[in-house]
Protein chains: 2
Amino acid sequence: MTWSNDGRDGPRGYHHGNLREALIRAALELIAQKGPAGFTFAEAARWAGVSPAAPYRHFRDRDELLANVALRGFRQFEAALAKAWDGGRPDTSAAFDRLGRAYLEFARGEPALYSAMFEGGVPLGSNPELREASDRAFAVLRQAAEKLSAQAPPGARPPALMVALHIWAMTHGIASLFGRGDSARRALPMSAEELLEAQMLIYLRGLGLSETKFGRSG
Amino acid sequence: MTWSNDGRDGPRGYHHGNLREALIRAALELIAQKGPAGFTFAEAARWAGVSPAAPYRHFRDRDELLANVALRGFRQFEAALAKAWDGGRPDTSAAFDRLGRAYLEFARGEPALYSAMFEGGVPLGSNPELREASDRAFAVLRQAAEKLSAQAPPGARPPALMVALHIWAMTHGIASLFGRGDSARRALPMSAEELLEAQMLIYLRGLGLSETKFGRSG
DNA sequence: CAGGCCATGTAAATATTCTTTACATGACTT
DNA sequence: AAGTCATGTAAAGAATATTTACATGGCCTG
């Protein structure tokens, strides 16, 4: 099925060519502008240049469109995290640092995806694909946590799952509270990246992983 | 101004009596059911038993109603945190523990307020009262951070503001990811409270505040 | 290379929501 | 007792949501 139009702009015939894709992009654009609640089905249709009924051929309702945006988000998220982690090379510390930065970068660079994933009210259980994509993204954090935990002093190794959840919570907390140029949230004396790096260093030290680079007190 | 009805149910005359209050309560009920995006102005009006035009006498639009819910949330939030912190009595450690629990309890017990505050997309800058209420709530965390920082080893005292932001990020992260019985989010092998307590202990140990109670490894 | 299938679109129709405008009510003031 | 004004309703027009009947045209099949 190669319709008249495969995603590009420009004139089209009766059929759009790639409306499903165009609707997702329209949703992203509108979410970026007005938040995950800030778009309507009709508005996405208008933005894509089709009639208000057309989206119903591709998504049952607005929630399903939003869920697909979130699904795409989790997949890109996993890819970004996995690329940053890179199997823990060249060493756990460097890879872990990259991981945190990649997380924040994703939240800042793709705020529409991020808010669709975590603030859109999309029930994870509604869609097995969504659940799986979310699990795969978390699995990257979990891998990193395994490596970190293994570096803790023997006899005091925390459960990797717990460490992974802690990392997730810290990073998500910073990303969602301070990580987006909202201009609507609190002004900070430091960047989200600096804040996260300091927090991670303190946390890792608490785990018994004393990094030599830790020492410059504030 | 003592209208026919001051907030209770039951029959009423032409005037509602306390529509402003009733609308806020209706919004809370609906947010709790369907998220901060899950209610309409008309629905709140119906829930309060008035015509769809009546809410406009009290709020410019839906966003202003939501902002008022958030304002109420920040005020209750500050009260709950301040009560838990209690000036740091009897000792910083115990008070800090209460503070974290109070935070999670608020997020779980008042999910509608919490999501209106942090996930409703309400711009903090839109309303000076809102900004102030948010600042006052954060000031409680900041106070606690001051006391904690003061207990860190001399020469390695982290800035209290940074510590406060870290505490906020960790707690918000856990609360928003795991802290509500969403039944839509990830299942956990431990409670949010346990997760937070462990995380705080590790973080505090990283700050150099070695609690004697820390030692049971996982 | 017709002919038809059917995915994908439109148009039109109904219900709900949004928002304003003109009007009604009645608590409070004097 | 009368007037004022905050607070409500009714009604109307625009936007949105959602379904149904119909139109288009790419692609498969013979």
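In what follows, every chain begins at residue 1, and chains take the letters A, B, ... in the order their sequences are listed. All values derive from a computational prediction rather than experimental measurement.
Counting any heavy atom pair closer than 4.0 Å across all strands shown, Arg20(A) reaches no nucleic acid atom. Nucleic acid contact class of Arg60(B) (heavy atoms, under 4.0 Å, all strands): none.
Atom CZ in Phe39(B) sits roughly 20 Å away from atom P in dT16(C) (whole-Å rounding). Summarising the geometry, the separation between CZ on Phe59(B) and P on dT7(D) is reported as 11 Å, rounded to the nearest angstrom. Note: CD (Glu64(A)) to P (dA17(D)) measures 16 Å, nearest angstrom. Between the P atom of dA12(C) and the OH atom of Tyr56(A) lies a distance of 18 Å, rounded to the nearest Å. Note: CG (Leu23(B)) to P (dT7(D)) measures 12 Å, nearest angstrom. Phe41(A) has its CZ atom 14 Å from the P atom of dT16(D), to the nearest Å. One atom, CZ of Arg46(A), and another, C1' of dA14(D), lie 12 Å apart when rounded to the nearest Å. Rounded to whole Å, the distance from CG on Asp61(A) to P on dT18(D) is 7 Å.
Using bins of under 30°, 30° to 60° and over 60° for the plane-to-plane angle, the ring pair Trp168(B)/Phe138(B) lands in the tilted bin.
Taking side-chain N and O atoms only, His58(A) has no distance below 4.0 Å to OP1 or OP2 of dA7(C). The phosphate of dA17(D) has OP1 or OP2 within less than 4.0 Å of a side-chain N or O from Thr40(A).
The nucleotide whose nearest atom lies closest to any side-chain atom of Val50(B) is, among dT17(C), dT10(C), dT9(D), dT9(D). Comparing atom distances between the Ala53(B) side chain and each of dG9(C), dC18(C), dA10(D) picks out dA10(D) as nearest. With dT16(D), dT8(C), dT9(D) as the candidates, the nucleotide lying closest to the side chain of Arg57(A) is dT8(C). The side chain of Ala42(B) approaches dC18(C) more closely than any other nucleotide in the set dA17(D), dT10(C), dC18(C).
Judged by distance alone, with hydrogens and angles left aside, the side-chain atoms of Asn127(B) form a donor-acceptor pair with the main-chain N or O of Glu129(B) at under 3.5 Å. Side chain of Arg98(A) to backbone of Ala84(A): a donor-acceptor contact under 3.5 angstrom is found. Side chain of His166(A) to backbone of Leu195(B): a donor-acceptor contact under 3.5 angstrom is found.
For an aromatic pair to be called close, the ring centres must be under 6.0 Å apart, and Phe106(B) with Phe77(B) satisfies this.
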